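Beneath this line is the structure, given in structure tokens, with notes to follow.
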Amino acid sequence: SRGGRPVGVPEALILRIAEGRDRAAYAQLFSQYAPKLKAFMMGRGLTAIEAEDLAQDALLNVWRKASYFDPSKASATTWIYSIARNLHIDGVRKQKRAQTLPEDLWAPEPEQAPDTHLIGVQDAKTIGVLMQTLSPEQREVVRLSFFEDLSHGDIAQALSIPLGTVKSRLRLALLRLRAAFETRTESKSV
Amino acid sequence: MTSISHHLDEVILLDYHRGRLNAGQTLLVETHLEMCPHCRMSLRLFDAIGASMLDEVLPVDMSDDALELALARIERPEEAPEPRVAPELPAYLKGIELPESVRAAAFKPRYWGAPGVWMAHLDAPKDGRGLTYLMYVKGGMQMPVHDHQGLEMTLVLSGCFSDDRGAYHPGDCVSCDEGDHHSPLIASDDCLCLIAANAPIAPKTLLGKLLQPFARI
Ligand SMILES: [Zn+2]
Ligand SMILES: [Zn+2]
């Protein structure tokens, strides 16, 4: 029952957790994101059990680090994604090193005016739209890298193209997304 | 601080984002990121790209008791993270202004490659032929033209050097891939770099020869 009320918006839920340790908000956020995280991590080759554990851990981190969340810097989905990504990497590395905290990456930029280059404000849906501006070949290598987490070599094999072509396609696609992102952000802030 | 004009390759940044780099490459990338808002921005973009895919994915049901477990877990006290002891800065690095990432890393004792040139390897588990080290070169030296057998990334920490493609200042990162060859020239100030190579540039027996002072300026 959203009905235009901001109460179910994930950004608002995280703020309610940060400010009031709101368990109902957490339950709602968990139900929204855990099944997606589980599916996403299974797409990356984790078993259903591993993926479910990772989703649990990621949401637990959301609860604990909610006070670091800044909706002017990142959408809820982007922030939650970055937490899950870090957990996944640390799991893969199985290294006993201090976890890279997402708040490091989303910390304020001292060398920039506060309202320039705010990628995070743009939500994931904007990127979804920008992805459509890529060529089908570029979109494919981005999807295989981010969603299926294939190595460049595996992508080359899957698409039967040289490794160098995979890298140059990926490079072009990423530069293009970045340029499109910056243009959008600049035109918005004017 | 001069602004950074040579950035990390987007593909390398993406591999960092996906946790696919070895310890030495990770250190080099993290050190550049510490110094470079431009590349930090790329990483944020990558998170937004990943998030757009998370948004589109078809959910898979969690187990029946998942929410109950989640609500129980948030009531448990958080285990304090293990305190992280920074390694002691080796004497040869004292007095040099260094990024935090480099300070927090452990390096082996330095050794001299040639008069005016020392190297110190990162103290990390061996990873294939990968090699990561600090290299200090006295101002005014030139290295002879040499080939690369694999990807080599060089990050300038202090001082400056140049080759036929440009001049590199603190924070700048130069990548040489297989088949590239060049002949770096060190400016008048001493230069300290962090180098992460997939393969050594030359057999170790030749390294001393390679690093002979070639020309004084
Ligand atoms: Zn950069
Ligand atoms: Zn070289």
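What you are looking at is a predicted structure, and each value in this text was computed from that prediction instead of being measured. Residue numbers start from 1 in every chain, and the chains themselves are labelled A, B, ... in the order their sequence lines are given, proteins ahead of strands.
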**Request:** Check for a donor-acceptor pair, side chain of B/R110 on one end and backbone N or O of B/A120 on the other, with a separation under 3.5 Å.
**Result:** no

**Request:** For residues 57-92 of chain B, pull every pair meeting ring-ring contact (aromatic ring centres under 6.0 Å, His included), keeping only residues two or more places apart or in separate chains.
**Result:** B/Y92-B/W118

**Prompt:** Between A/F40 and chain B, which part of the residue has a heavy atom less than 4.5 Å away: side chain, backbone, both or neither?
**Reply:** both

**Prompt:** At a heavy-atom separation under 4.5 Å, does A/S168 approach chain B through its side chain, its backbone, both, or neither?
**Reply:** neither

**Prompt:** What part of A/L174 is in contact with chain B, defined as an atom under 4.5 angstrom from a non-hydrogen atom: side chain, backbone, both or neither?
**Reply:** both

**Prompt:** Does a salt bridge link B/E75 with A/R23, judged by any charged N lying under 4.0 Å from a carboxylate O?
**Reply:** yes

**Residues which pass side-chain hydrogen bond (donor to acceptor under 3.5 Å, both in side chains) with B/D61, listed by chain and number, not counting sequence neighbours** = none

**Item:** Heavy-atom pair count under 4.5 Å with chain B, highest-scoring of A/A39, A/P35, A/A27
**Value:** A/P35

**Message:** For residues 141-148 of chain A, give me every residue with a non-hydrogen atom less than 4.5 Å from any non-hydrogen atom of chain B.
**Reply:** A/V142, A/R143, A/S145, A/F146, A/F147

Show me the donor-acceptor pairs, under 3.5 Å and distance only, between side chains in residues 62-69 of chain B and residues at least two apart or in other chains.
{"unit_1": "B/S63", "atom_1": "OG", "unit_2": "A/E52", "atom_2": "OE1", "d": "3.1"}
{"unit_1": "B/S63", "atom_1": "OG", "unit_2": "A/E52", "atom_2": "OE2", "d": "2.2"}

**Asked** Are A/D57 and A/R64 within salt-bridge range, i.e. N to O under 4.0 Å?
**Response** no

**Item:** Which atoms of B/L33 approach chain A - backbone, side chain, both or neither, heavy atom under 4.5 Å
**Value:** neither

**Prompt:** Are the side chain of A/K38 and the backbone N or O of A/A48 linked by a donor-acceptor pair below 3.5 Å?
**Reply:** no

**Prompt:** Does B/H6 offer a backbone N or O that forms a donor-acceptor pair with the side chain of B/D172 under 3.5 Å?
**Reply:** yes

